[in-house]
Amino acid sequence: TIFLEYLKKELSNYGDIYTLTEINSYFIDDLDIISKNTNRKFIFVENYNLYLNSKYFKYFNLHKSQSMKFIFSARSYINDNFYVKLADKLQIHENNISINNINKLSDNEIEKMINLINEYNLWGKKANDTFKKKKKFIVEECNSQIRDILLYLFESEVISKKVDKIIDNLKTKKEIKELIIIVFVNSIINLNLTLENILLILGIPRLSASITKHNNINELFSFGSNEISIKSSIVGYYILQNNKFDLEVVDILVKMMININKQTYIYKYREIMKIILAFSNLRIILNSKAENFAENIISFYERTKNLEFNKNNPFFWLQYAIARMDIKNYKEAKLYLDSAYAYASSEKSLDAYQLDSHKARFLLESTLFYNNRDDAYKNFMDAHTLIYYNSNKPANLHYPLKQAIFYHEFYVKFYEYFDQTQKAMFLFCCKQIKDKINEYSSALRKEGRDKNIDIQKIDRKIDYVISDIIKEIKEEPVLV
């Protein structure tokens, strides 16, 4: 968000700047008026995934021109899932979209970051490390990302004590506690809630002066016109992960869902419901490393499953199935996957590749968990079919291909029990996955995108399995 504000300022030297804040029927008129402006125009769409399913999004296509440029942004993991859909909606080839990944620091930026941390003496236990060691830590342990570096710094005694003291002062009042949790959630998973939205969800008419003038609140939050935001989403993430808010967070999330459910006739609130329901987001909010994570995640889905928006929604049941898989409740996971498929048969909004990918994951993961040797080959072939014949375009294959992470473990655990025909088919399937990974990598190179880190690991594991099987075949004795 800060980067985009700087970019807007820079581009204002070359044309007029516009920012999409809401998409509705007025959006069409706005685009028409903007298009008549003869100056060069730059339109910023932050968190573009929030608008993709709107019936009005297609109107971007009517205004594509040399004088009007669009800048779309999203979190990296979200962009991986929505990028191809964005290109489809805009009716342009993926190669015609310029992609810039601002997550990773360059070597020059890493050196500046090290010098900055040195200057403020924030290294803690690493203070006496050499420059080379510090750089290695940032590259390997922090993935060259500012977010991971800052999270490490928050662990230092100087910063953590200060943050803890602020939060302890704020936790005493229920009204304040609810507010800070919802603002944290809003920031961390990009819900784009205005202050008016937040008040509606909390069921209060306005913020009292005791909140807006509170010193500790003003240290963490910024207030604007119809806006309240945390000064750093990373601070919010750190606090939720380390201040044992989990039970209160579940209560607030459920309260949010109940109140938003009443507003789902409005497009924005339907999208917000989906974002909160996504298990990948709940893992972040509820601290997946906490001892009571399984209890919290089940509590959330159980308490919201009968809401009107959720009860027949394939997306809800898929997310609940993913959650159950994550905590190894495979019996329940199968039941909820079946429910998702049943509801999806009459619902077009859920992409089939998501269901098929997680069905493949379920077949492979549960077979390994139960050491189910009898059904291992059948389950593997069923899962492979779902992965290999996935409907996604090559550049968006990372989602189904991620399930191939289990092929190596299947090889180690079950391959020796397969007959010769089954072994040949297993090798053939591994080669097919290798071809798919190459196809995916080639498509990304053409678009200037980096290969997903998980796919890189899977690629190496598939290479190992293929080479090991071929080596075994060559070493088999030949009867003369």
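Because the structure is predicted, anything quoted here is derived from the model rather than measured.
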One pair to check against side chain to side chain contact (heavy atoms under 4.5 Å, CB included): Leu122 and Tyr152. What are the steps and the verdict?
CA-CA 10 Å; Leu122 295 173; Tyr152 164 74; over 6 Å; no
What do the steps show when you test Phe27 against Leu31 for side chain to side chain contact (heavy atoms under 4.5 Å, CB included), and what is the final call?
CA-CA 6 Å; Phe27 164 75; Leu31 273 182; 3.3 Å; yes
Check against side chain to side chain contact (heavy atoms under 4.5 Å, CB included), Phe42 and Phe70:
CA-CA 6 Å; Phe42 300 98; Phe70 298 104; over 6 Å; no
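At a threshold of 4.5 Å between non-hydrogen side-chain atoms, the residues Lys69 and Lys41 do not count as touching. Counting heavy atoms from C-beta outward, Phe221 and Ser229 have side chains that stay 4.5 Å or more apart. Lys177 is not listed as a side-chain neighbour of Lys174, based on a closest heavy-atom distance of 4.5 Å or more. Annotation: side chain of Trp317 is in contact with side chain of Lys305 (closest heavy-atom distance under 4.5 Å). The side-chain heavy atoms of Lys328 and Phe369, taken from C-beta on, include a pair separated by under 4.5 Å.
A cation-pi contact links Lys126 to Phe137, judged by a cut-off of 6.0 Å to the six-membered ring centre and 45° from its axis. Judged by a 6.0 Å distance limit and a 45° cone about the ring axis, Arg270 is not positioned over the six-membered ring of Tyr265. In this structure, Lys89 forms no cation-pi arrangement with Phe60, as its terminal cationic atom is not both closer than 6.0 Å to the ring centre and no more than 45° off the ring axis.
A donor-acceptor pair is defined here as one N or O able to donate and one able to accept, closer than 3.5 Å; such a pair exists between the side chain of Asn226 and the backbone of Glu196. Under a 3.5 Å cut-off, the side chain of Glu10 and the backbone N or O of Leu7 do not form any donor-acceptor pair. Panel note: side chain Thr304, backbone Phe300; a donor-acceptor pair is recorded below 3.5 Å. When atom types are taken as modelled, the side chain of Ser54 and the backbone of Tyr51 share no donor-acceptor pair closer than 3.5 angstrom. Side chain of Asn143 to main chain of Gln145: no donor-acceptor pair is present (N/O by atom type, distance under 3.5 Å, no hydrogens or angles). Using modelled atom types, no side-chain atom of Ser187 and backbone atom of Phe184 make a donor-acceptor pair closer than 3.5 Å. Under the 3.5 Å distance criterion, the side-chain polar atoms of Asn186 are matched with a main-chain donor or acceptor of Leu193.
Heavy atoms only, all atoms of each residue included: Arg75 and Ile188 are closest at NH1-O, 2.6 Å. Among all heavy-atom pairs drawn from Ile322 and Phe279, the shortest one is CG2-CD2, 3.6 Å. Nearest heavy atoms, Leu401 versus Ile458: O-CD1, 3.4 Å. Contact record, Glu302 with Arg324: OE2-NH2, 4.0 Å, taken as the closest heavy-atom pair.
By the 30° and 60° cut-offs, the orientation of the rings of Phe72 relative to Tyr48 is perpendicular. By the 30° and 60° cut-offs, the orientation of the rings of Tyr336 relative to Tyr320 is parallel. Ring orientation note: the planes of Phe362 and Tyr330 are tilted relative to one another, at an angle of 30° to 60°.
With 3.5 Å as the limit, one finds a donor-acceptor pair spanning the side chains of Glu46 and Thr1. Side-chain polar atoms of Asn49 and Lys85 form no donor-acceptor pair below 3.5 angstrom. There is a side-chain donor-acceptor pair under 3.5 Å between Tyr269 and Asn197.
Between Lys274 and Glu271 there is a salt bridge, since at least one side-chain N of the basic residue sits less than 4.0 Å from a carboxylate O of the acidic one. With respect to Arg303 and Asp251, a salt bridge is recorded, a charged nitrogen being found less than 4.0 Å from a carboxylate O. Between Lys136 and Asp129, no side-chain nitrogen of the basic residue sits less than 4.0 Å from a carboxylate oxygen of the acidic one, so the salt-bridge criterion is not met. Ion pairing between Glu178 and Lys255 holds under the 4.0 Å rule for side-chain N and carboxylate O.
When the options Leu337, Leu277, Asn313 are evaluated for a side-chain contact (heavy atoms from CB on, under 4.5 Å) with Leu318, the one that passes is Leu337.
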